[in-house]
Amino acid sequence: MARRRQIYEGKAKVIFEGPEPGTLVQYFKDDATAFNNQKRGTITGKGVLNNRISEYLMTRIGEIGVPTHFVRRLNMREQLIKEVEIIPIEVVVRNVAAGSLSKRLGIPEGQTLPRSIIEYYYKSDELDDPMVGEEHITAFGWSSPQELDEMVAMSLRINDFLSGLFFGVGIRLIDFKIEYGRHYANEDMRIVLADEISPDSCRLWDLQTNEKMDKDRFRRDMDNIAEAYQEVARRLGILPESGPSDIKGPQVMQ
Ligand code: UDP
């Protein structure tokens, strides 16, 4: 098949033109970066796992009525998505202190937060994704106040839903980053969940041992990174080896 026209290449994914207007193909690479591109590497098999994990989570999130850009998985590394206009904000939802929050505020990693906290970062590689507030987002027109309200409501729903979903398979959802886009259909525009949800964009700790099952293993030069991602997929019942017929669904942990 003729190679599709590439629209955009990011750190972990490539976006190609889709087979029909209004669609795109999202290709998951094995490349990993951290600390604003200062640390680079490859995690063999990561793209295949993230494609599956993101497919699974986006599908489940769609089922509770939160619109997403996901259409269907095409193959091991590619998924068909709706073309959206990405809102240049990374929405981070936190349940437990970790990463930049711990560093910034001196809160020990692992401390449960009094309530879920939402933060915003302006998507800019040159500026190293600076943290911003609602005032900046609406004053600079990155999103309207109404859109921001909608993103907050959706993010909290996604957080509650994913926290429960992961808890059921023995994983604690510490925090995660999501992105939204504007999807235009006919005369309508609606905000939809975009990008990906995977161990690249979440902190996931084993409920029993607190073992990290996410990209922090890469950030911290730990071993068995792909194995940790694979374990997340295994617990969700979506190991890439299994064909669609033997997807078992989440394995409830006792
Ligand atoms: N995150 C992400 N992409 C980014 C920055 C953060 O996916 O560019 C995710 C990260 O994996 C974690 C959450 O957002 O699950 C919060 O990250 P944090 O602000 O603690 O920054 P980090 O410590 O990852 O630099």
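Start at 1 and go down the list; that is how both ligands and their atoms are numbered. Only this structure's heavy atoms are used, side chains among them; waters, hydrogens and symmetry mates stay out.
The contact set between ligand 1 and Asp129, taken as ligand atoms under 4.0 Å from a residue heavy atom, comprises 8 (O). Interface of Glu90 with ligand 1, defined as ligand atoms under 4.0 Å from a residue heavy atom, comprises 4 (C), 5 (C), 8 (O). Residue Asp200 has at least one heavy-atom neighbour below 4.0 Å for each of these atoms of ligand 1: 7 (O), 11 (O). Atoms of ligand 1 found under 4.0 Å from any heavy atom of Gly99, numbered from 1 in the order shown, are 20 (O), 23 (O). Close contacts of ligand 1 with Tyr121, meaning ligand atoms under 4.0 Å from a residue heavy atom, involve 19 (O).
Ranking protein heavy atoms by distance to atom 23 (O) of ligand 1, first place goes to Arg203 NH2, 2.7 Å. In terms of protein heavy atoms, atom 11 (O) of ligand 1 is closest to Arg219 NH2, 2.9 Å. In terms of protein heavy-atom proximity, atom 12 (C) of ligand 1 is closest to Asp175 OD1, 3.1 Å. Nearest protein heavy-atom neighbour of atom 3 (N) of ligand 1: Lys177 CE, 3.5 Å.
Taken from OG1 in Thr33 to CG in Asn37, the straight-line distance is 5.0 Å, to the nearest 0.5 Å.
One side chain, Gln79 or Gln26, offers a donor N or O that lies under 3.5 Å from an acceptor on the other. Under the 3.5 Å distance criterion, with hydrogens and angles disregarded, a donor-acceptor pair is assigned to the side chains of Ser155 and Tyr180. Side-chain contact, Thr59 with Arg73: no donor N or O sits under 3.5 Å from an acceptor N or O. Under 3.5 Å, the side chains of Tyr229 and Asp200 contain a donor-acceptor pair of N or O atoms. In this model, no donor atom of one side chain and acceptor atom of the other lie less than 3.5 Å apart for Thr42 and Asp30. In the model, Asn159 has a side-chain atom that pairs as donor or acceptor with a side-chain atom of Asn95 under 3.5 Å.
With a 4.0 Å cut-off on non-hydrogen atoms, Lys103 does not touch ligand 1 at all. With a 4.0 Å cut-off on non-hydrogen atoms, Cys202 touches ligand 1 through its backbone and not its side chain. The part of Val92 lying near ligand 1 is the side chain, judged by heavy-atom distances below 4.0 Å.
Proximity of atom 9 (C) of ligand 1 to the protein is indicated by at least one non-hydrogen atom lying closer than 4.0 angstrom. The protein reaches atom 1 (N) of ligand 1 closely, with a heavy atom under 4.0 angstrom from it.
Between the Arg4 side chain and the Phe16 main chain, no donor and acceptor come within less than 3.5 Å of each other. Between the side chain of Asp214 and the backbone N or O of Asp216, at least one donor-acceptor pair lies under 3.5 Å.
For atom 18 (P) of ligand 1, the nearest non-hydrogen atom from the set Ser201, Ser100, Ala97 belongs to Ser100.
Under the 6.0 Å distance and 45° angle rule, Lys82 does not count as a cation-pi partner of Phe70.
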